[in-house]
Undergrad: 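Below is one structure. I have some questions about it.
Reminder, nothing fancy here: chain letters follow the sequence lines and each chain counts from 1. Values below: every heavy atom of this structure, side chains too, minus hydrogens, waters and symmetry copies.
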There are 2 protein chains.
Amino acid sequence: MNGNHAQALKEAGMKATPKRLAILEMLEGETAYASPEELWKRMRDRFDRLGLPTVYRNLEELAESGVLSKVIHPNRQLYYYFCSNREHHHHFVCLSCRKVQDIPSCGIEALEREVSKTVGGKVLSHILQLNGLCSGCMENGGMP
Amino acid sequence: MNGNHAQALKEAGMKATPKRLAILEMLEGETAYASPEELWKRMRDRFDRLGLPTVYRNLEELAESGVLSKVIHPNRQLYYYFCSNREHHHHFVCLSCRKVQDIPSCGIEALEREVSKTVGGKVLSHILQLNGLCSGCMENGGMP
DNA sequence: ATTCTAAAACGAAATGATTTTCATTTAGGG
DNA sequence: CCCTAAATGAAAATCATTTCGTTTTAGAAT
């Protein structure tokens with residue numbers, strides 16, 4: 001499990017530092033997403049010296065390399081979670097308790113109904129946004 | 001058109017102030033989303049006294065009441081755009097030129113292919129996130 | 001048209017999450 | 001066991017967004 005994380009870090013081209021491993025261990029044991037500051041507070045028990053920027057940096061880098069996932073939250077703060085599902089899928093995130101649950105299928109309208117049944121929760125809203133480059137920008141090599 | 005906006009504001013239960021109307025006029029004439037600060041700078045030509053907080057407040061209130069839409073941007077800054085389409089639909093937003101385009105259908109995988117064809121752009125990523133309350137929180141009246 | 005009042009707008013200052021800087025320490029290949 | 005690039009900490013900066021207390025205004029009532 002620990003070696004598992006070290007392996008994942010190596011594959012991501014990142015050094016397996018104790019703090020990175022600790023972050024992954026904490027998040028792997030959670031069903032909920034966490035904020036950088038929360039993780040920092042919890043990690044201070046295990047490290048006498050630990051800077052908040054280090055937590056921010058590592059979380060961002062881990063998300064960048066796909067080891068962690070980032071939550072898009074209405075309050076626009078950063079949250080991260082660990083998801084071992086390597087298949088293409090989506091998540092149902094609870095704005096209240098922060099639990100993250102996998103969603104297998106992928107059709108919005110049907111999706112909301114299905115979520116209500118499978119996870120027993122209530123979908124209040126959904127965010128579907130496609131990001132990319134429009135045809136005009138494609139022609140300009142990505143410039144507006 | 002102007003009366004149209006005044007009407008929309010009235011329906012939203014908001015006073016039709018010159019600054020709100022100006023915001024709607026500016027955004028209606030745009031195919032791209034705009035940041036509060038950009039709108040503020042452009043509006044200063046027309047108002048000798050205009051606070052940036054006023055722009056922020058109005059944009060948020062207009063989005064809250066559904067007159068405007070808010071963009072969820074990777075850089076986590078706020079952007080808004082005007083969309084007159086009252087039907088349920090989604091948007092393709094260009095991260096480069098900020099153009100916002102309607103997307104009629106609603107199935108992700110097929111969606112990305114379709115977008116490539118209909119808008120001629122390239123989908124680099126998509127955000128699909130369902131927000132709501134999980135079953136546990138439902139039982140606790142929305143508390144974790 | 002004038003008055004009235006709640007809502008809206010104001011500038012200045014505060015906020016606070018996130019980032020940057022840079023000197024120091026560490027992981028891990030050789 | 002060394003060496004070098006990468007990682008880290010502390011402090012300070014950033015900067016979009018929000019708050020505060022006050023003044024102004026839109027629009028209903030007169």
Undergrad: Can you pull every protein N or O that's under 3.5 Å from an N or O on nucleotides 1-6 of chain C?
TA:
none

Undergrad: For B:Glu64 and C:dA8, give me the distance from atom CD to atom P, rounded to whole Å.
TA: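 The distance from CD of B:Glu64 to P of C:dA8 comes to 14 Å, rounded to the nearest Å.
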Undergrad: Which residues pass the side chain to side chain donor-acceptor pair (under 3.5 Å) test with A:Ser69, not counting sequence neighbours?
TA: none
Undergrad: Nearest heavy atom decides the nucleotide; on that basis, is A:Gly13 or B:Lys10 closer to the 5' end of DNA chain D?
TA: A:Gly13
Undergrad: If you draw a 6.0 Å radius around NZ in A:Lys19, do more than 12 non-hydrogen atoms from other residues or ligands fall strictly inside?
TA: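 Yes, because the 6.0 Å sphere around NZ of A:Lys19 holds more than 12 heavy atoms from other groups.
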Undergrad: Determine, for B:Trp40 and B:Arg42, whether the Lys NZ or Arg CZ falls below 6.0 Å from the six-membered ring centre while staying within 45 degrees of the axis.
TA: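 No, cation not above the ring by the 6.0 Å, 45° rule.
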Undergrad: Looking at DNA chain C, which of residues 43-50 of chain B put a heavy atom within less than 4.0 Å of it?
TA: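 Here the set is B:Arg49, B:Leu50.
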Undergrad: Return the minimal non-hydrogen interatomic distance between B:Leu9 and B:Lys15, and the atom names on each side.
TA: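 Result for this residue pair: CD1-O, 4.1 Å.
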Undergrad: Among A:His73, A:Glu30, A:Glu38, find the one that has a side chain to side chain donor-acceptor pair (under 3.5 Å) with A:Arg98.
TA: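 Running side chain to side chain donor-acceptor pair (under 3.5 Å) over A:His73, A:Glu30, A:Glu38 with A:Arg98 returns exactly one hit, A:Glu38.
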Undergrad: Does A:Leu24 reach the side chain of A:Val67, with side-chain heavy atoms less than 4.5 Å apart?
TA: yes
Undergrad: Kindly write out the residues that satisfy salt bridge (charged side-chain N to carboxylate O under 4.0 Å, His left out) with A:Glu139, not counting sequence neighbours, or none if the list is empty.
TA: none
Undergrad: Answer yes or no: is there a side-chain heavy-atom contact under 4.5 Å between B:Val93 and B:Lys99?
TA: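 Side-chain contact under 4.5 Å: no.
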Undergrad: Students should find this one: the first and last nucleotides of DNA chain D, 5' to 3', lying under 4.0 Å from a heavy atom of chain B. What are they?
TA: D:dA16 to D:dG27
Undergrad: Side-chain contact test, heavy atoms from C-beta onward, threshold under 4.5 Å: evaluate it for A:Glu61 versus A:Met14 and give yes or no.
TA: yes
Undergrad: According to salt bridge (charged side-chain N to carboxylate O under 4.0 Å, His left out), who are the partners of B:Arg113, at least two apart in sequence or on a separate chain?
TA: none
Undergrad: Taking atom P of C:dT26 as reference, at what distance in whole Å does atom CG of A:Asn58 sit?
TA: 15 Å
Undergrad: Tell me whether the side-chain N/O atoms of B:Thr17 come closer than 4.0 Å to OP1 or OP2 in C:dA9.
TA: yes
Undergrad: Only counting residues at least two apart or in another chain, list the ones meeting ring-ring contact (aromatic ring centres under 6.0 Å, His included) with A:Phe82.
TA: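 Per chain and number, A:Phe82 pairs via ring-ring contact (aromatic ring centres under 6.0 Å, His included) with A:His5.
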Undergrad: When every nucleotide of nucleotides 14-22 of chain C is labelled 5' to 3' by its protein contacts under 4.0 Å (heavy atoms), B for base, S for sugar-phosphate only, - for none, what sequence of letters results?
TA: ---SSBBB-
Undergrad: Going by the rule side chain to side chain donor-acceptor pair (under 3.5 Å), which residues pair with A:Glu112 if we only count those two or more places apart in sequence or in a different chain?
TA: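 Residues passing side chain to side chain donor-acceptor pair (under 3.5 Å) with A:Glu112: A:His126.
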Undergrad: Is the shortest distance from a Lys or Arg side-chain nitrogen in A:Arg57 or A:Glu64 to a carboxylate oxygen in the other one below 4.0 Å?
TA: no
Undergrad: To the nearest 10°, let me know how far the axis at one end of the helix from C:dA1-D:dT30 to C:dG30-D:dC1 is tilted from the axis at the other, five pairs an end.
TA: 40°
Undergrad: Which residues satisfy the salt bridge (charged side-chain N to carboxylate O under 4.0 Å, His left out) test with B:Lys41, sequence neighbours excluded?
TA: B:Glu37
Undergrad: Applying salt bridge (Lys or Arg N to Asp or Glu O under 4.0 Å), which residue pairs with at least one partner in residues 68-94 of chain B are found, sequence neighbours left out?
TA: B:Glu60-B:Lys70
